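All residue numbers in this chain count up from 1 along the given sequence. Computed from a predicted model, the values in this text were never measured in an experiment.
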Amino acid sequence: MFGILKSLHIIFMVTWFAGLFYLPRLFVYHSRATPDDRVGIERFKTMEHKLYHGIMTPAATLTIAFGLWLWLGYGIAGGWLYAKLALVALLIAFHIYLGMLIRDFAHDHNRHGHVFYRWLNEIPALPILVAIVFLVVMKPF
């Protein structure tokens, strides 16, 4: 039973992370679109909305749900687990922040340039992912 739960958890987690990495890349392209390219801008808005609301948010919700279920099944032990949960909370905050940026783009109120979104694409999620994997595999404390 827990093998299936682990597999589902991994599938939803990978889906969520793919969205966390891809959505800022869409923001890079969207922020570089010229104001007279209304068709392109509307296409980006649609893609961002569908990715966030149709794929990322359900995957994040299911990742958290299956993670809690696994946590309850295996027990609560080890300081590494609390560190991992703190990192997951950061990922949830990052997810919510991306949703706020989508809202800004949807109302044509983008306040950042493509360089900001390039940094947003690379910096926040990758170190957190590496740290979570390290904590889960090594269980250092």
Side-chain angles (χ1 to χ4, degrees), residues 1-35 37-141:
M1 177 69 171
F2 282 113
I4 294 170
L5 285 176
K6 282 172 119 175
S7 297
L8 289 172
H9 183 252
I10 290 169
I11 290 167
F12 292 123
M13 181 180 58
V14 168
T15 303
W16 182 29
F17 264 92
L20 288 174
F21 286 117
Y22 186 58
L23 187 57
R25 177 54 54 183
L26 284 176
F27 292 160
V28 170
Y29 301 138
H30 191 161
S31 66
R32 295 189 75 185
T34 58
D37 183 12
R38 293 306 312 161
V39 173
I41 289 171
E42 292 304 316
R43 183 177 302 122
F44 283 121
K45 288 179 183 180
T46 301
M47 292 169 65
E48 292 158 358
H49 180 82
K50 286 182 178 183
L51 177 60
Y52 187 81
H53 294 287
I55 297 172
M56 288 174 60
T57 300
T61 303
L62 290 169
T63 297
I64 294 164
F66 281 112
L68 289 172
W69 194 357
L70 286 168
W71 185 24
L72 294 173
Y74 283 112
I76 303 169
W80 67 271
L81 186 58
Y82 296 104
K84 176 189 167 192
L85 291 174
L87 293 171
V88 170
L90 286 175
L91 286 174
I92 293 168
F94 182 59
H95 181 96
I96 291 168
Y97 178 66
L98 293 176
M100 292 166 45
L101 292 173
I102 286 175
R103 188 180 62 230
D104 288 347
F105 272 117
H107 294 105
D108 297 319
H109 294 175
N110 175 33
R111 295 167 292 175
H112 306 288
H114 69 93
V115 174
F116 172 82
Y117 294 115
R118 286 182 193 278
W119 283 103
L120 190 66
N121 185 40
E122 302 296 332
I123 299 302
L126 187 59
I128 295 172
L129 172 63
V130 171
I132 288 173
V133 170
F134 172 78
L135 287 170
V136 170
V137 172
M138 302 304 292
K139 295 179 179 53
F141 46 88

For residues Arg103 and His107, is any side-chain donor paired with an opposing acceptor at under 3.5 Å?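 No, because no side-chain N or O of Arg103 sits under 3.5 Å from a partner of the opposite role on His107.
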Looking only at heavy atoms, what is the nearest atom pair of [X] and [Y], with distance?
| X | Y | value |
| --- | --- | --- |
| Pro124 | Trp119 | CD-O, 3.7 Å |
| Gly19 | Pro24 | O-CD, 4.2 Å |
| Gly54 | Pro58 | O-CG, 3.6 Å |

How are the rings of Phe66 and Phe12 set relative to one another: parallel (under 30°), tilted (30 to 60°) or perpendicular (over 60°)? parallel
What's the spacing between [X] [atom1] and [Y] [atom2] if we round to 0.5 Å?
| X | Y | atom1 | atom2 | value |
| --- | --- | --- | --- | --- |
| Lys50 | Met47 | NZ | CE | 10.0 Å |
| Trp69 | Leu5 | CH2 | CG | 5.0 Å |
| Met13 | Leu129 | CE | CG | 7.5 Å |
| Leu91 | Trp16 | CG | CH2 | 5.0 Å |
| Leu62 | Thr15 | CG | OG1 | 9.5 Å |
| Thr46 | Ile41 | OG1 | CD1 | 12.0 Å |

Not counting sequence neighbours, which residues clear salt bridge (charged side-chain N to carboxylate O under 4.0 Å, His left out) with Lys84? List them please.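 Lys84 satisfies salt bridge (charged side-chain N to carboxylate O under 4.0 Å, His left out) with no residue once adjacent residues are dropped.
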Kindly determine whether Leu120 and His112 satisfy side-chain contact (heavy atoms from CB on, under 4.5 Å), including the steps that lead there. CA-CA 11 Å; Leu120 190 66; His112 306 288; over 6 Å; no
Do [X] and [Y] make a side-chain contact, defined as non-hydrogen atoms from C-beta onward lying under 4.5 Å apart?
| X | Y | answer |
| --- | --- | --- |
| Trp71 | Leu85 | yes |
| His30 | Arg43 | no |
| Leu135 | Phe141 | yes |

Check ion pair Lys45-Glu42 (N to O, under 4.0 angstrom):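 Counted as a salt bridge, because a side-chain N and a carboxylate O are separated by less than 4.0 Å.
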Hey, is Asp108 close enough to Arg38 for a salt bridge, meaning N to O under 4.0 Å?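 Yes, Asp108 and Arg38 are salt-bridged.
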side-chain contact (heavy atoms from CB on, under 4.5 Å), that's the test. Do Ile64 and Ile92 meet it? Break it down for me. CA-CA 10 Å; Ile64 294 164; Ile92 293 168; 3.5 Å; yes
Check the pair Leu51 / Ile102 against side-chain contact (heavy atoms from CB on, under 4.5 Å), numbers first and verdict last. CA-CA 10 Å; Leu51 177 60; Ile102 286 175; over 6 Å; no
ring-ring contact (aromatic ring centres under 6.0 Å, His included) between Phe44 and Phe105, worked out: CA-CA 9 Å; Phe44 283 121; Phe105 272 117; 8.8 Å; no
For the rings on Tyr52 and His95, is their centre-to-centre separation under 6.0 Å?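 Ring-ring flag for Tyr52/His95: true, centres closer than 6.0 Å.
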Check for a donor-acceptor pair, side chain of Ser31 on one end and backbone N or O of Phe27 on the other, with a separation under 3.5 Å. yes
How about NZ on Lys139, more than 12 heavy atoms from neighbouring residues, nucleotides or ligands closer than 6.0 Å, or not? yes
Let me see the working for Tyr22 and Ile55 under side-chain contact (heavy atoms from CB on, under 4.5 Å), right down to the final yes or no. CA-CA 12 Å; Tyr22 186 58; Ile55 297 172; over 6 Å; no
